[in-house]
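In listed order, ligands and their atoms are each counted from 1. When a residue number appears, it is its place in the shown sequence, counting from 1. Here the structure is a predicted model, which means the values were calculated and not measured. Just so you know, these numbers use all the heavy atoms, side chains as well, and skip hydrogens, waters and symmetry mates.
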Amino acid sequence: MPLSDAAELLKYYEVYDTIGTGGFAKVKLGRHILTGEKVAIKIMEKKNLGEDLPRVKTEIETMKNMSHQHVCRLYHVIETHSRIYLVLEYCPGGELFDYIIAKAHLSEEETRVFFRQIVSAVAYVHNKGYAHRDLKPENLLIDDDHNLKLIDFGLCAKPKGGLGDELMTCCGSPAYAAPELIQGKAYFGAEADVWSMGVLLYTLLCGSLPFDDDNHMALFRKITRGKYWNPPWLSSDSILLLKQMMQVDPKRRLKVGQLLDHPWMMKGYSSPVEWHTRQPLGHIDDDCIIEMAVHMKRSKQSTMHLVSEWKYDQTTATYLLLLAKKQSGRPVRLLRYI
Ligand SMILES: COc1cc(O)cc(Nc2ccc(C(=O)Nc3ccccc3)c(OCCC[NH3+])c2)c1
């Protein structure tokens, strides 16, 4: 990578090998020097983004508003002459997609643990007025506590008038796309996300896609028909929930609110899905502020003020990574000798 671009990144991070290459981005492993915390660094060449640049800007603004235990966290945005770097939460368990493949399919119990986390993340995103629109196992990563983190808000939308407004752009992966979306009809993002979650639930329980075909048109026909095979190992409760989520008519489809305490979701649990965030954006942790104040030789007050500006610069990254350290039970300490 050209020195000038990398120099800004290398001021704050050690950069290791590439762990993923996507459409117009690649993801490398990294380590934040000051806290020692591992991170994922999404690297995008501006020249390759072309007309997708506005979409990336949208994703960045969306992520700045997201702080939730099941949403991958954005720590730092570095824009240089030719690149945009996103420093993101480290999720060493890899993709849920690979996890399902490795186990053929998951038990109903294990699926329920994961699916409650997915519903928690999606309910939070919807409550913020966004629809994700690209829900699939590839966009759910497993962190080092074996919890799921929702990633990739590149296709998410925030309709001007809130989720009550209809969307038009057709996007996401066809196999997970709702019938109304692939028919080019005006659709509600929240309803389309519920369909995709139904497809996701099916892949977790069955280890395959409910609607699949190499031929695009054949796939579209299957989705609009809405008929799929239920493997013999599915419980009748699972079959019912899948049916309620993969309703071709979006008005007959389950709402996210009904998922939170759905009987299938409650089996073995005593409380509905907790979708509120455990790390509200406004809350500033005292221990982290004090450690930063000492390190920056600033007053606690001025450090608190600086962090509260949430510029997603080195200050934001240092604060959030110190907080991550504290939440993982590691000492709230910055490297002294620098
Ligand atoms: C909001 O979070 C986002 C947004 C986005 O646009 C992209 C990503 N992508 C990420 C984030 C983290 C990882 C990661 O930590 N992976 C990893 C780390 C250690 C071992 C194995 C995987 C990431 O990985 C991409 C490759 C996974 N196949 C992508 C997050």
With a 4.0 Å cut-off on heavy atoms, does Leu74 reach ligand 1?
-> no
Just by distance, do the side chain of Thr21 and the backbone of Lys26 share a donor-acceptor pair under 3.5 Å?
-> no
State the atoms of ligand 1, each with its element, that fall below the 4.0 Å cut-off from a heavy-atom position in Leu29.
-> 18 (C), 19 (C)
May I ask whether Glu89 places a heavy atom under 4.0 Å from ligand 1?
-> yes
Of Cys91, Ala40, Gly93, Gly94, the residue with the heavy atom nearest atom 18 (C) of ligand 1 is Cys91
Out of Arg73, Glu95, Met63, who gets a non-hydrogen atom closest to atom 1 (C) of ligand 1?
-> Met63
Distance from atom 29 (C) of ligand 1 to nearest protein heavy atom, with residue and atom = Leu141 CD1, 3.7 Å
Atom 9 (N) of ligand 1 [closest protein heavy-atom partner, distance rounded to 0.1 Å] = Ile151 CD1, 3.8 Å
Do the rings of Phe114 and His146 sit parallel, tilted or perpendicular, given the 30° and 60° boundaries?
-> tilted
Have a look at ligand 1 and work out which part of Val71, if any, has a heavy atom under 4.0 Å from it: side chain, backbone, both or neither.
-> neither
Anything under 30° is parallel, anything over 60° is perpendicular, the rest tilted; go ahead and classify Phe220 against His216.
-> perpendicular
Under a 4.0 Å heavy-atom limit, does Ile19 contact ligand 1 with its side chain, its backbone, both, or neither?
-> both
Who's the nearest protein heavy-atom neighbour of atom 8 (C) of ligand 1, and how far?
-> Leu88 CD1, 3.7 Å
So, does Tyr99 use its side chain to make a donor-acceptor pair with the main chain of Pro137 at under 3.5 Å?
-> no
Only residue of Val122, Leu140, Asp193 satisfying side-chain contact (heavy atoms from CB on, under 4.5 Å) with Leu200 is Leu140
Quick one: look at Lys42 and ligand 1, take heavy-atom pairs under 4.0 Å, and tell me if it's side chain, backbone, both or neither.
-> side chain
Using heavy atoms and a threshold below 4.0 Å, how should the contact between Glu59 and ligand 1 be classified: side chain, backbone, both, or neither?
-> side chain
Of Ile78, Asp5, Val56, which is the lone residue that meets side-chain contact (heavy atoms from CB on, under 4.5 Å) with Ile84?
-> Val56
Nearest protein heavy-atom contact for atom 21 (C) of ligand 1: which residue, which atom, what distance?
-> Pro92 O, 3.8 Å
Regarding Glu14 and His32, is there a side-chain donor-to-acceptor distance under 3.5 Å anywhere?
-> no
Minimal heavy-atom distance between Ala177 and Ile182, with the atoms involved, is CB-CG2, 3.6 Å
Part of Cys72 with heavy atoms under 4.0 Å of ligand 1, whether side chain, backbone, both or neither = both
What is the ring orientation for His105 with Trp233, classed by angle as parallel under 30°, tilted 30 to 60°, or perpendicular over 60°?
-> parallel
